Amino acid sequence: MVNLAKELHLALRNATVLPREFYNRDPATVAHELLGKLLIRRAGRKLLAGRIVEDEAYLGANDPAAHGFSGMTPRNAILFGPPGFAYVYFIYGNHYCLNVSCMPEGCGEGVLFRAMEPVAGIEEMAAARGIDIPTLAPKSGARMGHPIPFLSAAQLRLISTGPGRMCEALDITRERDNGKDFTSRRSDLYLADDGYRPERIAATPRIGIKKAMDEPLRFVVAGNPYVSGKRVP
DNA sequence: GAGGAGATCGTCT
DNA sequence: GACGATCTCCTCT
C-alpha cells in the first residue's frame, strides 16, 4: 500500500529551491512566476507547505503604495537588502504579512504573498489557525478503527486565504522570520518549484490600498478557490 | 452573499 | 496622534 504522507514528503524534499537569481528581477515578473510555486515551512520533522495562488508586486520608489516608497527605515530595511529574503511586518494590530525582497540591493521592491492552497501539514496549519477539525467515524468493521480527520472546503479556505491567515497558518512572525533566506534549504522557510505550472494567470488591481489603485500588480491563479476576495473566473 | 464597523498595536511623522 | 498591503463578526437584503 502507498503511504501518501511519505510520498508527499518526498516530493517536497525533491522540489528545487528557487535560486537568488529568480528574485533578482522586477517584482511584477517575480510575482507572476511565483504563482504555483511551493512555500515550505519546516516545523521540527514536519513540513508545512502551500502552493502560492495569489500575490502582489510592490515597486519601491516608483510605487506610492509600496513600503519602500519613502525610503529605508528600520522596519523595511530587508526590502532594501539583497533579493530573496523574507520581509515580515505587523499590521492593523492583529496580523503579520509576508513579502520577499526583489531586485538588486537598494531598490526597496518586493512581492507580498496573499494566499496559498494548502498542500502538506494541513492539520497542523488548521490547528495554528484555531480551526476545529471534525473527524469522520470509521466504517463499522474497518480494520483500522481510527477516526478520519475531515475538513470541509470552506474550512480549507480559512487556513491560508489572505495574507494574515497565511502567516498564522505557517506560524510566521516578524520576530522569528524577518530576514530569513528563501533560497536556502537549510532555512526553515523557503520557496521551491516542483514543476507545477498554473493553467491561467490573471492580473488585477491590488487589494486594500489607497494609492496607485489602478495598477494591475495583483496576480492570481484564475479559477482557484483559495484566492482571497472575489474569485477570479 | 454583501457590506460595514470594530478590534488592536507597530510604525512613522 | 494618525494611519494601516487585515480579519471577523454582525446586520441587512
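Because only heavy atoms are used, hydrogens play no part in the values below, and waters and symmetry mates are left out as well, while side chains stay in. Throughout, a chain's letter reflects where its sequence line sits, starting with A, and its residues are numbered from 1. All values derive from a computational prediction rather than experimental measurement.
Remark: P of C:dC7 and CD of A:Glu168 are 10 Å apart, rounded to the nearest angstrom. In this structure, A:Tyr96 atom OH and B:dC9 atom P are separated by 11 Å, rounded to whole Å. B:dT11 atom C1' lies 13 Å from atom OH of A:Tyr92, rounded to whole Å. The distance from atom CZ of A:Phe69 to atom C1' of B:dT11 is 18 Å, rounded to the nearest whole Å. Between the CZ atom of A:Arg165 and the C1' atom of C:dT6 there is a distance of 9 Å, rounded to whole Å. One interatomic measurement links the two molecules: CG of A:Leu112 to C1' of C:dT6, which rounds to 11 Å at whole-angstrom precision. To the nearest angstrom, P of C:dG4 lies 12 Å from OH of A:Tyr89. Residue A:His67 contributes atom NE2, which lies 11 Å from atom P of B:dT11 at whole-angstrom precision.
In terms of phosphate contacts, A:Arg114 brings a side-chain nitrogen or oxygen within less than 4.0 Å of OP1 or OP2 of C:dT6. Between A:Arg174 and B:dC9 there is no side-chain N or O to OP1 or OP2 distance below 4.0 Å.
For the pair A:Arg25 and A:Phe22, the cation-pi test (distance below 6.0 Å, angle within 45°) is passed. Geometric assessment of A:Arg206 against the ring of A:Tyr58 yields a positive cation-pi assignment under the 6.0 Å and 45° thresholds.
Using the six-membered ring where Trp is involved, A:Phe182 and A:Phe113 have ring planes that are perpendicular, over 60° apart on the 30 and 60° scheme.
Heavy-atom nearest nucleotides on DNA chain B were determined for A:Phe90 and for A:Ser70, and the one closer to the 5' end corresponds to A:Phe90.
Taking a 6.0 Å sphere around CD of A:Glu175, one finds it holds more than 12 heavy atoms contributed by other residues, nucleotides or ligands. The 12-atom threshold is not exceeded at CG of A:Asp214, counting heavy atoms of other residues, nucleotides or ligands nearer than 6.0 Å.
Distance from the side chain of A:Arg75 is smallest to B:dC12 among C:dT8, B:dC12, C:dC7.
No engagement by A:Arg206 is indicated, since no non-hydrogen atom pair under 4.0 Å with the nucleic acid exists.
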Bracket notation of DNA chain B in which parentheses pair within the strand, [ ] cross earlier pairs, and | pairs with another strand (Watson-Crick or G-U, under 3.5 Å): |||||||.||||.
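Between A:His95 and A:Phe90, the distance separating the two ring centers is not shorter than 6.0 angstrom.
Counting only N and O atoms by type, the side chains of A:Arg218 and A:Thr204 include a donor and acceptor under 3.5 Å apart.
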